[in-house]
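Structure first, then comments.
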There are 2 protein chains.
Amino acid sequence: MATGRTTPASPSPGGASRRTRARGIPDATVARLPLYLRALTALSERSVPTVSSEELATAAGVNSAKLRKDFSYLGSYGTRGVGYDVEYLVYQISRELGLTQDWPVVIVGIGNLGHALANYGGFASRGFRVAALLDADPALAGQTAAGLPVRHMDELEEIIRAEHVSIGVITTPPGAAQQVCDRLVAAGVTSILNFAPTVLSVPEGVDVRKVDLSIELQILAFHEQRKSGEDHLADDGPAVVSRPGAGAKAVAAAAARAVSRARGKAAAAAAAEPGDGDDGDLPAVIPA
Amino acid sequence: MATGRTTPASPSPGGASRRTRARGIPDATVARLPLYLRALTALSERSVPTVSSEELATAAGVNSAKLRKDFSYLGSYGTRGVGYDVEYLVYQISRELGLTQDWPVVIVGIGNLGHALANYGGFASRGFRVAALLDADPALAGQTAAGLPVRHMDELEEIIRAEHVSIGVITTPPGAAQQVCDRLVAAGVTSILNFAPTVLSVPEGVDVRKVDLSIELQILAFHEQRKSGEDHLADDGPAVVSRPGAGAKAVAAAAARAVSRARGKAAAAAAAEPGDGDDGDLPAVIPA
DNA sequence: TGTTGTGAAGTTCTTCACAGCT
DNA sequence: AGCTGTGAAGAACTTCACAACA
């Protein structure tokens with residue numbers, strides 16, 4: 001299972017393994033199960049006994065045919081003419097996702113983002129337990145965040161083994177991410193959620209998913225640009241500029257250099273911390 | 001363009017519009033352009049003049065055929081037998097993504113996550129400028145975060161209009177998200193990046209992408225479960241449990257109730273803030 | 001009657017493999 | 001000789017539309 005050595009990464013956020021389906025649950029379906037679960041949990045709290053695929057789909061923000069197809073991979077858990085039993089579905093999806101068991105996680109890199117994650121309510125309420133917060137900065141060690149002590153990286157291996165941690169969250173600067181990743185994997189972690197803007201290399205059998213804040217914004221910018229700017233790009237776009245002569249390329253390259261230079265400065269400023277030298281994107285966290 | 005009224009949401013993070021391609025750039029390709037751009041920027045900083053599709057693909061964590069196909073949608077920017085001019089490609093991709101222009105953004109909800117985003121280096125280095133930080137808590141207003149003053153929600157409309165903001169980032173608790181979203185949209189924002197675990201309803205023409213921390217972990221848990229647990233689920237899975245008798249359902253429902261109850265408590269604790277009552281997932285941010 | 005569950009059709013995305021150019 | 005650009009094949013995902021069933 002899982003992807004090869006260098007984890008490829010699917011569309012936007014994730015890069016977890018393709019073709020991992022146990023008895024054939026499509027990845028796209030797995031990615032939506034948490035959505036359904038959330039909607040169902042809300043219904044459950046309002047003591048709603050049953051829902052139709054139509055209602056639930058609306059609550060989850062998908063269309064009902066997709067939802068029914070998704071559920072069909074799990075089994076026949078509905079009742080024709082009636083709908084789905086909310087409690088029953090909550091249980092089945094929780095079980096399918098593995099949320100009926102306890103998942104200890106470690107968070108490495110306790111800056112603002114690490115803090116935010118440590119405090120995140122969605123973790124605890126889904127069977128995820130923060131087993132430890134780790135940071136390379138000795139000044140942080142001993143302090144507490146979200147009621148937990150921040151411990152030094154030196155203790156990483158020990159904690160992972162003692163607590164049977166199999167999921168690690170990386171919220172370090174990009175320059176430290178691969179190194180932290182390697183240590184996590186060596187210590188036994190087999191699933192990693194990476195917030196650092198870095199492509200992580202992991203051995204086969206280790207899943208990596210990534211959350212990249214900057215990428216999401218760039219995708220929005222792309223669409224945003226199209227909304228008002230049908231003009232200057234419409235006839236200057238892809239097909240027309242293609243096959244540019246050497247002259248055209250030289251001019252564009254000059255412009256590119258200017259852009260690049262500006263970017264370089266920002267990157268340099270951001271990457272003030274040693275051991276980085278990777279790329280301009282750097283989450284504002286204390287290096288770990 | 002964009003999706004209907006209730007934004008559906010694709011796989012994991014995003015829910016931006018399908019079929020928005022201007023002159024036919026696939027969504028999947030758009031989602032990867034930022035990845036290529038990052039890899040290229042790194043090369044550019046190392047003054048590497050050209051790259052082959054193979055090298056660049058490795059750096060970006062994709063395969064080379066996919067990369068070449070992606071680039072083919074932009075035009076013929078490479079040189080056969082040689083590769084791609086790094087600077088030129090940086091410029092072309094930046095332009096395609098709309099990063100050659102300035103994108104003012106507002107961040108609403110200045111808790112830990114809002115702070116982390118305000119400090120995030122990847123924003124500034126890609127043409128995104130934080131125009132304002134907003135929060136509903138009067139105690140925060142006046143304080144500064146990441147060098148910027150936190151301003152009160154009352155000023156939202158004014159700021160958006162004065163600064164021509166078209167992109168908004170929501171980092172509020174879930175209960176406040178839809179309301180904030182409505183105000184942003186009414187004031188003229190047409191792209192939203194949502195970190196709150198809520199399905200946002202927006203009018204046509206508005207793009208929403210979401211980043212959901214809890215969902216990513218749940219997807220990892222699903223795969224993690226399969227790694228060691230081929231046993232108890234292998235022959236108890238989908239197909240076999242399907243078509244359960246009424247008895248089986250009742251038993252499972254009882255178990256479900258226990259799970260649900262535990263979850264309910266966590267949710268209640270997390271949702272202490274008034275105006276929520278939505279769902280258990282609540283990022284640790286000050287309500288806005 | 002109302003709603004599920006699902007073959008089949010349709011769409012999008014990925015990968016292959018090689019012609020075409022430098 | 002080497003690498004891009006792309007038609008064509010293949011895989012994954014979505015949507016349709018309706019039979020099956022409570």
Side-chain angles (χ1 to χ4, degrees), chain A residues 3-4 8-12 14-21 24-32 50-58 61-85 88-89 92 238-239 242-246 249, chain B residues 3-4 8-12 14-21 24-33 36 50-58 61-85 88-89 92 238-239 242-246 249:
Chain A
T3 17
S10 333
S12 287
S17 60
R18 290 250 140 197
R19 302 292 67 176
T20 302
R21 59 188 63 173
I25 300 183
D27 284 354
T29 295
V30 171
R32 280 187 295 268
T50 60
V51 258
S52 68
S53 61
E54 198 65 58
E55 295 167 316
L56 185 53
T58 300
V62 302
N63 83 42
S64 64
K66 198 190 289 188
L67 178 143
R68 286 200 302 278
K69 183 64 103 178
D70 283 342
F71 286 177
S72 78
Y73 293 115
L74 309 184
S76 294
Y77 294 155
T79 306
R80 292 167 200 251
V82 178
Y84 300 91
D85 180 293
Y88 185 60
L89 248 195
Q92 290 298 345
S242 58
R243 300 278 90 235
K249 271 201 186 176
Chain B
T3 17
S10 330
S12 285
S17 59
R18 289 251 142 197
R19 303 294 69 186
T20 302
R21 59 188 62 174
I25 300 183
D27 284 354
T29 294
V30 172
R32 280 187 296 266
L33 291 181
Y36 302 144
T50 59
V51 258
S52 67
S53 62
E54 196 65 58
E55 295 167 315
L56 185 54
T58 300
V62 303
N63 83 44
S64 64
K66 198 188 291 188
L67 178 142
R68 287 199 303 278
K69 181 64 100 178
D70 283 343
F71 285 177
S72 78
Y73 293 114
L74 308 186
S76 294
Y77 294 156
T79 307
R80 294 169 201 248
V82 178
Y84 300 92
D85 181 293
Y88 185 60
L89 249 195
Q92 289 298 345
S242 58
R243 302 277 89 237
K249 274 201 184 176

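Note that the coordinates shown come from a computational prediction; the quantities given were computed from them, not determined experimentally. Numbers restart at 1 for each chain; the letters A, B, ... are given by sequence-line order, proteins then strands.
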Asp27(B) atom CG is separated from dT11(C) atom P, nearest whole Å, by 16 Å

Would you mind reporting whether Phe71(A) and Leu89(A) have side-chain heavy atoms less than 4.5 Å apart? yes

Any Leu67(B) side-chain heavy atom under 4.5 Å of Leu56(B) side chain: yes

Taking for each residue the nucleotide of DNA chain D with the nearest heavy atom, is it Phe71(B) or Thr29(A) whose nucleotide lies nearer the 5' end? Phe71(B)

Whole-Å gap separating P (dA12(D)) and CD1 (Ile25(A)): 15 Å

Whole-Å distance, Asp70(A) CG to dT6(C) C1', equals 13 Å

Taking the six-membered ring for Trp and the single ring otherwise, decide whether the centroids of Tyr84(A) and Tyr77(A) are under 6.0 Å apart. no

Could you check which of dG5(C), dT14(C), dC13(D) has an atom nearest any side-chain atom of Lys66(B)? dT14(C)

Using whole Å, report how far CG of Leu67(A) lies from C1' of dG5(C). 12 Å

Under a 3.5 Å distance rule, please check whether Ser52(B) uses its side chain to pair with a backbone N or O of Glu55(B) as donor and acceptor. yes

Provide, to the nearest angstrom, the distance between the CZ atom belonging to Arg68(B) and the P atom belonging to dT15(C). 12 Å

Rounded to the nearest Å, what distance is computed from the CD atom of residue Glu54(A) to the C1' atom of nucleotide dT1(C)? 16 Å

Given dT15(D), is OP1 or OP2 found less than 4.0 Å from the side-chain N or O atoms of Asn63(A)? yes

I need the Asn63(B) CG to Arg68(B) CZ distance, nearest 0.5 Å. 8.5 Å

Rounded to whole Å, the NZ-P distance (Lys69(B) to dA9(D)) equals 13 Å

Any idea which of dT15(D), dT14(C), dA17(D) is nearest the Arg32(B) side chain? dT14(C)

Check whether Ser76(B) reaches the backbone of Ser72(B) with its side chain - one donor and one acceptor, N or O, closer than 3.5 Å. no

Tell me, please, which residues at least two apart from Thr29(B) pass side chain to side chain contact (heavy atoms under 4.5 Å, CB included). Ile25(B), Pro26(B), Arg32(B), Leu33(B), Asp70(B), Tyr73(B)

Pairs: protein N or O with nucleotides 1-3 of chain D N or O, under 3.5 Å:
| unit_1 | atom_1 | unit_2 | atom_2 | d |
| --- | --- | --- | --- | --- |
| dG2(D) | N2 | Gly81(B) | N | 3.4 |
| dC3(D) | O4' | Gly81(B) | N | 3.1 |
| dC3(D) | O2 | Gly81(B) | N | 3.4 |

